[in-house]
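The shown structure was predicted, so the numbers you read here are calculated from the model rather than taken from an experiment. The residues of the chain are indexed from 1 along the displayed sequence.
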Amino acid sequence: GQLYDGYDEEYDCPILDEDRVVDELENQMSEGGVIIDYHGCDFFPERWFHIVVVLKTENSILYKRLETRGYNEKKLKDNVQCEIFQILYEEALASYSEDIVHQLPSDKPEDLENNIDQILKWIEQWVKDNSS
């Protein structure tokens with residue numbers, strides 16, 4: 001959708017136009033049943049979400065993943081440092097009600113299956129709690 005505003009040479013990635021992203025997603029989000037997968041959350045409206053999941057990875061595992069992806073040294077170190085200080089988790093806690101923010105491990109393939117199971121349980125419980 002060309003929802004970016006320039007390119008960041010230092011991090012070798014497009015610069016997201018957050019306002020355009022929100023405008024683009026507004027109708028879809030109002031219909032419900034949507035999952036957003038993104039590496040930040042502070043610009044998304046709180047009303048959009050019933051649950052926010054932050055994936056957590058061991059630093060050494062994250063370093064190897066990002067190195068394999070070919071991240072430049074600055075981008076790699078900044079991402080690992082962000083993980084060390086739990087920046088995205090703190091951002092989620094500051095942006096949304098604490099009771100909807102959850103952290104799950106994402107170190108090994110088995111974690112993916114366990115996370116899917118946990119998220120499905122949360123969805124089932126939310127549906128039960130909010131059905132009339």
Side-chain angles (χ1 to χ4, degrees):
Q2 306 292 319
L3 303 176
Y4 53 88
D5 186 25
Y7 194 81
D8 186 326
E9 297 293 335
E10 186 175 33
Y11 287 103
D12 192 26
C13 65
I15 299 168
L16 191 66
D17 184 328
E18 296 171 351
D19 291 334
R20 286 175 57 201
V21 169
V22 170
D23 291 345
E24 181 76 18
L25 292 175
E26 186 68 51
N27 288 338
Q28 292 172 304
M29 294 306 293
S30 66
E31 294 171 11
V34 177
I35 295 172
I36 291 183
D37 178 6
Y38 190 67
H39 295 101
C41 63
D42 63 339
F43 67 93
F44 294 119
E46 185 173 6
R47 70 181 181 281
W48 282 5
F49 302 107
H50 298 288
I51 187 171
V52 174
V53 178
V54 178
L55 299 177
K56 182 178 182 169
T57 304
E58 290 293 324
N59 300 324
S60 60
I61 294 170
L62 179 61
Y63 188 94
K64 289 175 187 170
R65 282 183 192 167
L66 301 181
E67 188 177 48
T68 301
R69 292 180 191 170
Y71 280 29
N72 68 44
E73 195 65 25
K74 176 164 179 48
K75 187 173 181 177
L76 198 153
K77 285 182 178 180
D78 286 355
N79 273 270
V80 170
Q81 190 171 40
C82 186
E83 185 69 18
I84 289 169
F85 292 109
Q86 298 190 58
I87 301 297
L88 296 179
Y89 182 62
E90 293 296 325
E91 179 182 290
L93 289 173
S95 300
Y96 306 103
S97 174
E98 195 173 311
D99 61 322
I100 71 164
V101 177
H102 304 276
Q103 208 171 30
L104 294 174
S106 183
D107 295 324
K108 51 192 183 288
E110 305 86 69
D111 290 338
L112 177 63
E113 289 296 321
N114 293 336
N115 292 344
I116 291 169
D117 290 342
Q118 181 62 54
I119 292 168
L120 287 173
K121 287 177 186 171
W122 284 329
I123 291 169
E124 289 170 9
Q125 187 61 50
W126 185 90
V127 169
K128 282 181 190 175
D129 294 345
N130 292 279
S131 295
S132 299

Taking atom [atom1] of [X] and atom [atom2] of [Y], what is their separation to the nearest 0.5 Å?
X: Asn115; Y: Glu110; atom1: CG; atom2: CD; answer: 11.0 Å
X: Leu104; Y: Asn114; atom1: CG; atom2: CG; answer: 9.5 Å
X: Leu66; Y: Glu83; atom1: CG; atom2: CD; answer: 9.5 Å
X: Leu62; Y: Leu76; atom1: CG; atom2: CG; answer: 7.5 Å
X: Glu18; Y: Phe44; atom1: CD; atom2: CZ; answer: 8.0 Å
X: Trp126; Y: His50; atom1: CH2; atom2: NE2; answer: 4.0 Å

Exercise answer: donor-acceptor pairs, residues 52-60 side-chain atoms, under 3.5 Å, sequence neighbours excluded:
| unit_1 | atom_1 | unit_2 | atom_2 | d |
| --- | --- | --- | --- | --- |
| Thr57 | OG1 | Arg65 | NH1 | 3.4 |
| Thr57 | OG1 | Ser106 | O | 3.2 |

Check whether more than 12 heavy atoms from other residues, nucleotides or ligands sit under 6.0 Å from atom CD1 of Ile35, and answer yes or no. no

Counting heavy atoms not belonging to Gln86, are there more than 12 under 6.0 Å from its CD? yes

Side chain proximity check, [X] to [Y], heavy atoms < 4.5 angstrom:
X: Gln2; Y: Arg20; result: yes
X: Cys13; Y: Lys75; result: yes
X: Val22; Y: Trp48; result: yes

Aromatic ring pairing Phe43/Tyr38, orientation class (parallel under 30°, perpendicular over 60°, tilted between):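 Perpendicular.
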
Solution key, residues 88-95 side-chain donor-acceptor pairs under 3.5 Å, sequence neighbours excluded:
| unit_1 | atom_1 | unit_2 | atom_2 | d |
| --- | --- | --- | --- | --- |
| Glu91 | OE2 | Cys41 | N | 2.6 |
| Glu91 | OE2 | Asp42 | N | 3.2 |
| Ser95 | OG | Glu91 | O | 2.8 |

Indicate, with yes or no, if [Y] and [X] share a hydrophobic cluster defined by side-chain heavy-atom contacts under 4.5 Å among Ile, Leu, Val, Met, Phe, Trp and Tyr.
X: Ile36; Y: Ile119; answer: no
X: Ile84; Y: Ile61; answer: no
X: Leu25; Y: Val34; answer: yes
X: Ile100; Y: Val127; answer: no
X: Ile87; Y: Tyr71; answer: yes

Between Tyr7 (side chain) and Asp12 (backbone), is there a donor-acceptor pair under 3.5 Å?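 It does hold such a pair.
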
Does the distance from a Lys or Arg side-chain N to an Asp or Glu carboxylate O, for Lys108 and Asp111, drop under 4.0 Å? yes

